[in-house]
Amino acid sequence: MKNILFDFISKYVSLTDDEKNALLDLDIFRSVKKGTTLLQEGQKSKDSYFVLKGCIRTYYLIDGEEKTTAFYTEMEVLTPPCVISKTPSDYYVSCVEDTILTVSNSDIEAETNRKFPKFDTMCRVLSEELLAKQRIDFDAFKTSSPEQRYLNLIQKRPDLIQRVPQHQLASYLGIKPQSLSRLRARILEKKN
């Protein structure tokens, strides 16, 4: 798994052997079982997650119903807003699949950035890319119909269709599971 991380980092900065060893010494790799809750509503956390293998999701619990807001799969990073604001979390983070991830926190990141300034640069670039992607995704969600959202999902993240339970996918698309079933049938009918 360390090679997956190093390959990803190499897209942004080159690492010396000392820098690689310093990362390995941080003991940030975790294997987490499907269904594990990494963060609960109301909980404070300093942890950020980088998915090496598997899938995690964020969701709110509103009137007893889960409202999925995002899925994070291989090579995606999640820093919950509560980490930045130092307030209790408004939502949950849980594993959709058995997952291997890195877990770091602001203390680890500050120390690493102090020792190796190139990580600070890399983190800034990653943050800018993530912010731009989230803005585009948000705008696309707000301006599209449920059918357009589903077709967009098929085009941009087809792996989620197979990996994520239908009720979570429906919640993510902002519809009920029954509506997702009807939508799928309609799309299939149009193709035939």
Side-chain angles (χ1 to χ4, degrees), residues 4 8 30-45 47-85 87-103 126-191:
I4 293 172
F8 177 80
R30 303 283 181 272
S31 290
V32 187
K33 292 287 183 200
K34 175 181 178 177
T36 300
T37 301
L38 300 170
L39 178 65
Q40 294 187 19
E41 177 185 14
Q43 179 183 346
K44 285 191 173 186
S45 178
D47 293 341
S48 294
Y49 310 98
F50 180 74
V51 180
L52 295 167
K53 185 176 188 318
C55 180
I56 60 177
R57 75 178 174 119
T58 56
Y59 66 94
Y60 291 85
L61 197 56
I62 300 172
D63 298 328
E65 190 176 338
E66 293 179 3
K67 304 284 186 178
T68 300
T69 54
F71 295 100
Y72 298 84
T73 56
E74 290 78 10
M75 303 306 115
E76 292 185 319
V77 66
L78 167 62
T79 299
C82 68
V83 172
I84 308 300
S85 65
T87 59
S89 178
D90 290 330
Y91 61 70
Y92 294 80
V93 178
S94 69
C95 297
V96 176
E97 302 173 331
D98 289 346
T99 303
I100 299 171
L101 40 82
T102 66
V103 180
L126 278 171
S127 295
E128 289 168 358
E129 286 178 359
L130 181 62
L131 187 60
K133 179 188 176 300
Q134 287 178 332
R135 183 75 232 178
I136 290 166
D137 290 348
F138 180 76
D139 288 350
F141 184 87
K142 293 295 280 183
T143 59
S144 60
S145 69
E147 183 171 337
Q148 289 169 322
R149 288 181 212 143
Y150 182 72
L151 292 170
N152 188 39
L153 185 70
I154 290 172
Q155 180 186 12
K156 292 187 176 178
R157 307 226 22 219
D159 62 307
L160 290 180
I161 305 299
Q162 302 302 318
R163 297 171 78 172
V164 174
Q166 182 167 318
H167 69 281
Q168 291 176 3
L169 264 184
S171 172
Y172 176 67
L173 295 169
I175 59 178
K176 299 283 184 203
Q178 306 87 317
S179 298
L180 179 56
S181 293
R182 287 192 298 271
L183 191 130
R184 283 178 163 169
R186 232 183 3 257
I187 290 170
L188 192 60
E189 192 176 295
K190 283 181 185 178
K191 286 184 178 179

### Query
What pairs of residues pass the ring-ring contact (aromatic ring centres under 6.0 Å, His included) test when at least one of them lies in residues 126-147, not counting sequence neighbours?
none
Any [X] side-chain heavy atom under 4.5 Å of [Y] side chain:
| X | Y | value |
| --- | --- | --- |
| Val51 | Thr99 | yes |
| Leu126 | Val77 | no |
| Leu101 | Leu38 | yes |

Going by the rule salt bridge (charged side-chain N to carboxylate O under 4.0 Å, His left out), which residues pair with [X] if we only count those two or more places apart in sequence or in a different chain?
| X | answer |
| --- | --- |
| Lys67 | Glu65 |
| Lys156 | none |
| Arg157 | Glu76 |

### Summary
side-chain hydrogen bond (donor to acceptor under 3.5 Å, both in side chains) pairs touching residues 137-146, sequence neighbours excluded, are Lys133-Asp137, Arg135-Asp139, Ser145-Gln148
#### Entry: Donor-acceptor contact present, side-chain Glu66 to main-chain Tyr59, <3.5 Å
no
### Query
Is a donor on one side and an acceptor on the other found under 3.5 Å between the side chain of Ser171 and the backbone of Thr68?
yes
Work out which heavy atom in [X] is nearest to a heavy atom in [Y]; give both atom names and the distance.
| X | Y | result |
| --- | --- | --- |
| Pro80 | Leu78 | CD-O, 3.7 Å |
| Thr37 | Gln40 | CG2-CG, 3.6 Å |
| Val103 | Asp47 | CG1-CG, 3.6 Å |
| Leu173 | Arg149 | O-NH1, 2.7 Å |

### Task
If a pair satisfies salt bridge (Lys or Arg N to Asp or Glu O under 4.0 Å) and one of its residues is in residues 35-45, list it, with sequence neighbours excluded.
none
### Query
Given Gln155 and Asn152, is the side-chain contact (heavy atoms from CB on, under 4.5 Å) satisfied, shown in steps?
CA-CA 5 Å; Gln155 180 186 12; Asn152 188 39; 4.2 Å; yes
Once rounded to the nearest 0.5 Å, what's the spacing between atom [atom1] of [X] and atom [atom2] of [Y]?
| X | Y | atom1 | atom2 | result |
| --- | --- | --- | --- | --- |
| Gln168 | Arg57 | CD | CZ | 3.5 Å |
| Glu147 | Ile175 | CD | CD1 | 10.0 Å |
| Ile161 | Leu153 | CD1 | CG | 4.0 Å |

Which residues share a side-chain contact (heavy atoms from CB on, under 4.5 Å) with [X], sequence neighbours left out:
| X | answer |
| --- | --- |
| Thr69 | Thr58, Tyr60 |
| Gln162 | none |
| Ser31 | Ile100 |

### By ring-ring contact (aromatic ring centres under 6.0 Å, His included) - contacts of Tyr150 (at least two apart)
none
## Note on the structure
By ring-ring contact (aromatic ring centres under 6.0 Å, His included), Tyr49 pairs with (sequence neighbours left out) none
### Message
For the residue pair Arg184 / Ser181, report whether a side-chain donor-acceptor contact shorter than 3.5 Å exists.
### Response
no
Show me the side-chain donor-acceptor pairs of residues 87-98 shorter than 3.5 Å, one per line, residues at least two apart or across chains.
residue: Thr87; atom: OG1; partner: Ser85; partner atom: OG; Å: 2.6
residue: Ser89; atom: OG; partner: Tyr91; partner atom: N; Å: 3.1
residue: Ser89; atom: OG; partner: Tyr91; partner atom: O; Å: 2.6
residue: Glu97; atom: OE1; partner: Cys55; partner atom: N; Å: 3.4
residue: Glu97; atom: OE1; partner: Arg163; partner atom: NE; Å: 3.4
residue: Glu97; atom: OE1; partner: Arg163; partner atom: NH2; Å: 2.8
residue: Glu97; atom: OE2; partner: Arg163; partner atom: NE; Å: 3.0
residue: Asp98; atom: OD1; partner: Lys34; partner atom: N; Å: 2.8

